[in-house]
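We name chains A, B, ... by the order of the sequence lines, and we start the count at 1 in each one. In this text the structure is predicted, and so the values were computed from the model without any measurement.
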Amino acid sequence: MPEGHTVHRLAAAHLELFGARTVTVASPQGRFADGARRLDGRVLETADAHGKHLLLRFDDDQVLHVHLGIYGKYALGPPPAPAPAGAIRLRLTGEGGYADLRGPNACELLEPGDVKTLLDRLGPDPLRPESDPALAWRRISRSRTSIAQLLMDQAVVAGPGNIYRAEVLFRAGIDPWLTGRDLTEAQWAGLWADLRVLMAEGVRTGRIDTVRPEHTPEAMGRPPRVDDHGGEVYVYRRTGQPCLVCETPVLATELAGRNLFWCPACQFPR
DNA sequence: CACTCATGTACAC
DNA sequence: TGTACCTGAGTGG
């Protein structure tokens, strides 16, 4: 379930489970057998998330790059690791526990130059304190592309995915089809600040909750509800259901191959 | 069992 | 714009 907050949690978890200790590395499924052999027995030195990319650096300066893509999943836990089940591309085991990786978009060893290339093509990550939102604004303010599409472009902003995209636009009351160049700088500042808040909370809790206290079902006098992805949201995957603020049915459409959800009343009529 | 869908990206045309 | 990648969960028969 990978948006940026998940990957930042994974980085922290890797340091906690394996940091500064020897790690056993295997590829039970076999598709990362060569890489696993090269990493086996090394010490994990750093674990970092940049947007949705996880970078694990080992004591011989080898860097493992993992990107979960849309299917990828980690299963982490304390020892002992369970008998391998299903297609496990990568298994790390150590005294602290185990980490099983399935279905990633990328699981590969990177040369130092590759790491730089990777990081250079990412926009600022709201979860990294040093990130500069002005770098994103430079591209957004010149673009004729919709803000909805720009928010999913990892070269513009690194980390947000389809849920944060939909939710942050809803919370700001912004029409998803507003173009980058028609967005005001103040609106961008607001979106960035909200991404920082929401995603940091996502790192803390491991879920995506975006509904403000005044709009919770309890506060609105409605029956309680749980969204199927585990958190509580305004519009993501709520097609046809009443907007939590104004009760207008939530709309959905496909935009650049992904589902986009929005409230046509709270976020401006088209 | 078959089929659909998914919090993503890269490349082809 | 379309399609491949890749795995599991959910649904329907």
Side-chain angles (χ1 to χ4, degrees), chain A residues 1-11 27-33 35 49-55 65-76 82 84-91 99-108 110 114 117-123 125-127 144-146 148-171 176 194-195 198-211 226-240 250 252-262:
Chain A
M1 332 297 185
E3 296 200 20
H5 70 300
T6 305
V7 184
H8 280 257
R9 285 173 66 84
L10 286 169
S27 178
Q29 169 224 43
R31 296 188 49 174
F32 187 60
H50 293 263
K52 299 167 189 162
H53 299 262
L54 176 65
L55 296 176
H65 171 225
V66 172
H67 192 292
L68 294 173
I70 205 163
Y71 314 120
K73 231 181 229 172
Y74 262 107
L76 309 174
I88 303 177
R89 181 82 59 91
L90 172 72
R91 166 172 277 190
D100 285 348
L101 171 63
R102 299 159 204 271
N105 199 338
C107 174
E108 59 188 357
L110 293 187
D114 300 334
T117 305
L118 169 65
L119 298 182
D120 282 352
R121 69 177 161 78
L122 295 179
D125 176 350
L127 287 172
R144 266 173 274 249
T145 303
S146 67
Q149 246 182 284
L150 290 167
L151 283 178
M152 293 280 284
D153 182 346
Q154 302 296 296
V156 175
V157 206
N162 207 5
I163 305 182
Y164 283 121
R165 177 262 291 267
E167 295 298 306
V168 91
L169 286 174
F170 177 90
R171 284 165 55 101
D194 207 28
L195 283 171
L198 289 179
M199 294 182 75
E201 194 193 324
V203 172
R204 277 196 305 278
T205 63
R207 12 186 298 169
I208 300 181
D209 291 292
T210 62
V211 178
V226 183
D227 295 313
D228 56 7
H229 62 280
E232 197 171 22
V233 296
Y234 282 107
V235 290
Y236 175 72
R237 279 221 231 176
R238 294 197 62 244
T239 316
V250 170
T253 189
E254 201 174 298
L255 174 66
R258 305 299 301 278
N259 291 319
L260 169 69
F261 304 88
W262 82 105

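Distance check on atom C1': C/dG8 versus B/dA10 gives 22 Å, rounded to whole Å. Separating the P atom of B/dC5 from that of C/dT3 is a span of 15 Å, rounded to the nearest Å.
The one candidate from A/Ile163, A/Thr210, A/Asp209 that meets the side-chain contact (heavy atoms from CB on, under 4.5 Å) condition with A/Leu198 is A/Thr210.
Within the 4.0 Å cut-off from OP1 or OP2 of B/dG8, not a single side-chain nitrogen or oxygen of A/His67 is found. Between A/Arg121 and B/dA10 there is a side-chain polar atom (N or O) within less than 4.0 angstrom of OP1 or OP2.
A/Glu3 has its CD atom 4 Å from the C1' atom of B/dT7, to the nearest Å. At whole-Å resolution of the value, CG in A/Leu122 and P in B/dA10 are 9 Å apart. Atom-to-atom, OH of A/Tyr236 to C1' of B/dA6 comes out at 7 Å; the value is rounded to the nearest Å. Summarising the geometry, the separation between CD on A/Glu232 and C1' on B/dT7 is reported as 17 Å, rounded to the nearest angstrom. In this entry the distance linking CZ of A/Arg165 with C1' of B/dT7 reads 11 Å, nearest Å. The nearest whole Å value for the distance from the CZ atom in A/Arg258 to the P atom in B/dG8 is 4 Å. When rounded to the nearest whole Å, the span between CD of A/Glu254 and P of B/dG8 equals 14 Å. As rounded to whole Å, 7 Å separates atom C1' of C/dC5 from atom CG of A/Asn105.
In this structure, A/Arg238 and A/Phe261 have side chains that are not in contact, with every pair of non-hydrogen atoms separated by 4.5 Å or more. For the pair A/Leu55/A/Leu118, a side-chain contact is recorded, criterion being any heavy-atom separation below 4.5 Å from C-beta on. In this structure, A/Met199 and A/His8 have side chains that are not in contact, with every pair of non-hydrogen atoms separated by 4.5 Å or more. Residues A/Leu255 and A/Ser146 have side chains in contact (heavy-atom distance under 4.5 Å, counting atoms from C-beta outward).
Relative ring orientation between A/His53 and A/His65 is described as parallel, the plane-to-plane angle staying below 30° on a 0-90° scale split at 30° and 60°.
A/Asn162 places a side-chain N or O within donor-acceptor distance of the main-chain N or O of A/Asn259, the cut-off being under 3.5 Å.
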Could you list, one pair per line, each protein nitrogen or oxygen that sits under 3.5 Å from a nitrogen or oxygen of nucleotides 7-12 of chain C, together with the distance?
unit_1, atom_1, unit_2, atom_2, d
C/dT7, OP1, A/Gln29, NE2, 2.3
C/dG8, OP1, A/Arg102, NH1, 3.3

